[in-house]
Number of protein chains: 2
Amino acid sequence: MPTPPFPDDAGALPATPAFSPLYQQIKDLILQSLQQGEWKPGEAIPSEIDLAARYRVSQGTVRKAIDELAAEHLLVRRQGKGTFVATHAEQHVQYRFLRLVPDSGDRDANGPAQRTILECRRSRATGDIARALALRSGEPVVQVRRVLSFAGVPTILEDLWLPGGPFKGLTAEQMADYPGPTYAMFELEFGVRMVRAEEKIRAVAADEQQAALLAVSPGTPLLSVERIASTYNGLPMELRRGLYRTGDRHYRNVLA
Amino acid sequence: MPTPPFPDDAGALPATPAFSPLYQQIKDLILQSLQQGEWKPGEAIPSEIDLAARYRVSQGTVRKAIDELAAEHLLVRRQGKGTFVATHAEQHVQYRFLRLVPDSGDRDANGPAQRTILECRRSRATGDIARALALRSGEPVVQVRRVLSFAGVPTILEDLWLPGGPFKGLTAEQMADYPGPTYAMFELEFGVRMVRAEEKIRAVAADEQQAALLAVSPGTPLLSVERIASTYNGLPMELRRGLYRTGDRHYRNVLA
DNA sequence: CAGTGGTCTAGACCACGCT
DNA sequence: GCGTGGTCTAGACCACTGT
């Protein structure tokens, strides 16, 4: 199936050589299958040998493609068992996207966050929301406002905007009651897997309303975290604006 | 040279199998050469073929070791030229550790930062400084305070602590005058290459002195960024506490 | 035991950068 | 043209997981 990486057949010399290694083509094919839901989060994909046969390629080439996808956390290899589609529904990668940790470092000190849904309603995208979600102004979105508390202490105030199409039918109950990460619920209920995110972080002062919801004094410095999360194809599927109390917690980042 | 990955010779059954793949052993040997300065930042290391001969191993095994070191940004591969020791003295990786970017996104909008050194002196490690740098209380450190400005606007106020041994002789002039990243100067002048860093981020309010140095009103929310940077062997070689103005800039982070 | 991913090798050929 | 890293293959064997 994958064309061997020969120079183009047509006589016209291409401005871009458009050379793409075989393993890259295989990677794209696997990515396509993930995108189309041929293999769902948590499921095993076919063995390397099967994939090699399917794509008429050596096992080594498939291996290199899978290696890269595993490095990007789209797949997870498990020796002796197989290769699996990564999912947010795993104890072990639970907090891949939440960087706020207790100063003690012990993340599980006070268990999972309690969620309080303040609001969950359909609305229409304003200019900047639309821009962030690659929609047009006025297109339907789902808007959620919630507070996350740890050990009873309100710590994060978040607003979420989700594109109305893929998230049609999302309810406050779903947001509140699902046992596990919100992104795991998105996978299960809406078939949307968040794969990558970009965050912009600032320091801001709490206004009256924010202060009340987070039980701090107005003017308290808070971390403002704006996140755009995207799926396999790179299309943005969530805009999130959070305010983090950083009294006894901090945003942890590793530069490598 | 590298012992084949056979089970231990001794009869005692090991609690840890202590199995280490060949490429991992090669990786460690290369790392050791980097640590000992056999190849310096910016220089080329021997070709894969040479290394394969040196370690009595196939080229593929060396390749896998180098692949991982390149993924960790310790080495840089350049097709047709060779493999080089990574360095901070490169236009292209200039800002690998500075995550504060203009809201416009264009990092080079107002060129490199201007550095104002407020202080540069030898002192002795207090408890928490010592802990961060893996020293004992009272051991000598070099302490630097500086302001970074962009287009004339003071934006970052930083305190640096460096272990006194490796950084013996560091002067304010060196900190101020070196044309290029500070970490490049550390490589060149002190043979210390920063390889990894961990940051803890909080929101704080500017006090009187900080406000004056950053030309903002007291109480302005600022990003507090505490960084511990380490060398090849993982030993911490710098503690840095910065305060960032985030009026028209933000700390950018990618979650992948 | 069979099946999976993980390691190691050897060899052929390709793409790139330099001289 | 030569030397570098980059791709691709084929085959052997190891380590881990389940039956």
Side-chain angles (χ1 to χ4, degrees), chain A residues 1-8 13-30 39 42-71 74-86, chain B residues 1-8 13-30 39 42-71 74-86:
Chain A
M1 172 90 301
T3 315
F6 284 156
D8 277 348
L13 45 149
T16 311
F19 164 74
S20 172
L22 236 195
Y23 76 86
Q24 179 61 53
Q25 302 176 36
I26 303 302
K27 191 179 159 186
D28 290 343
L29 289 171
I30 295 175
W39 312 305
E43 290 180 5
I45 71 172
S47 75
E48 296 180 351
I49 293 176
D50 289 353
L51 288 173
R54 165 166 171 177
Y55 298 128
R56 310 289 203 76
V57 152
S58 85
Q59 187 183 355
T61 300
V62 169
R63 173 176 295 275
K64 178 142 187 177
I66 292 180
D67 278 346
E68 294 207 350
L69 291 168
L74 302 192
L75 297 176
V76 176
R77 294 173 159 286
R78 284 202 262 268
Q79 185 173 159
K81 301 180 69 172
T83 301
F84 299 78
V85 182
Chain B
M1 171 92 303
T3 315
F6 284 156
D8 277 348
L13 45 150
T16 310
F19 164 74
S20 172
L22 237 195
Y23 77 85
Q24 179 61 53
Q25 302 176 35
I26 303 302
K27 191 180 160 187
D28 289 344
L29 289 172
I30 295 174
W39 313 305
E43 290 180 6
I45 71 172
S47 74
E48 295 181 350
I49 293 176
D50 288 353
L51 288 173
R54 166 165 167 177
Y55 299 127
R56 311 290 204 75
V57 151
S58 84
Q59 186 182 356
T61 300
V62 169
R63 171 175 296 275
K64 178 142 188 177
I66 292 180
D67 278 346
E68 294 207 350
L69 291 168
L74 301 191
L75 297 176
V76 177
R77 318 193 74 139
R78 284 201 261 269
Q79 184 173 158
K81 301 180 69 174
T83 301
F84 299 78
V85 182

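Keep in mind it's a predicted model, so treat the numbers as computed, not measured.
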- Kindly confirm or rule out a cation-pi arrangement of B:Arg77 over B:Phe84, judged by NZ or CZ under 6.0 Å from the six-membered ring centre and within 45° of its axis? no
- Note on the structure: Looking only at C:dG6, D:dG5, D:dC8, the nucleotide nearest the B:Arg77 side chain is D:dG5
- Whole Å only: how far is the CD1 atom of A:Ile49 from the C1' atom of D:dC13? 14 Å
- Message: Without decimals, in angstroms, what is the distance between B:Leu22 CG and D:dA15 P?
- Response: 12 Å
- Taking CG from A:Asp50 and C1' from C:dT4, how many angstroms apart are they, rounded to a whole number? 10 Å
- Of the candidate nucleotides C:dA15, C:dC8, C:dT4, which contains the atom at the shortest distance from the side chain of A:Ser47? C:dT4
- Item | Closest to side chain of A:Val57, choosing from D:dT9, D:dT7, D:dC16 | D:dT9
- Query: Rounded to whole angstroms, how far apart are CZ on B:Arg78 and C1' on C:dC16?
  - Reply: 13 Å
- Message: Expressed as a whole number of angstroms, how long is the span from A:Gln59:CD to C:dT9:P?
- Response: 18 Å
- Message: Has A:Gln25 got a side-chain atom pairing as donor or acceptor with A:Ser20's backbone, closer than 3.5 angstrom?
- Response: yes
- Compare side-chain N and O positions of B:Thr61 against OP1 and OP2 of C:dT9 and report whether any pair is under 4.0 Å apart. yes
- Query: Nearest to the side chain of B:Arg63 - D:dT9, D:dG6, C:dT7?
  - Reply: D:dG6
- Query: Closest approach of B:Ile30 and B:Ala65, non-hydrogen atoms and distance?
  - Reply: CD1-CB, 4.4 Å
- Message: Nearest to the B:Ser58 side chain among D:dG5, C:dT9, D:dC16, which nucleotide is it?
- Response: C:dT9
- Message: So, does A:Lys81 get its side chain near the phosphate of D:dG18, meaning an N or O under 4.0 Å from OP1 or OP2?
- Response: yes
- Query: Do you know the tightest heavy-atom contact between B:Thr61 and B:Ile26?
  - Reply: CG2-CG1, 4.2 Å
- Message: How close do B:Ala86 and B:Val76 get, counting heavy atoms only, and between which atoms?
- Response: CB-CG2, 3.9 Å
- Task: For D:dC8, take OP1 and OP2 only and decide whether either is under 4.0 Å from a side-chain N or O of A:Lys64.
- Result: no
- Query: Please give, in whole Å, the distance from C:dG3 P to A:Leu51 CG?
  - Reply: 17 Å
- Item | Closest to side chain of A:Glu48, choosing from C:dG6, D:dT9, C:dT7 | C:dG6
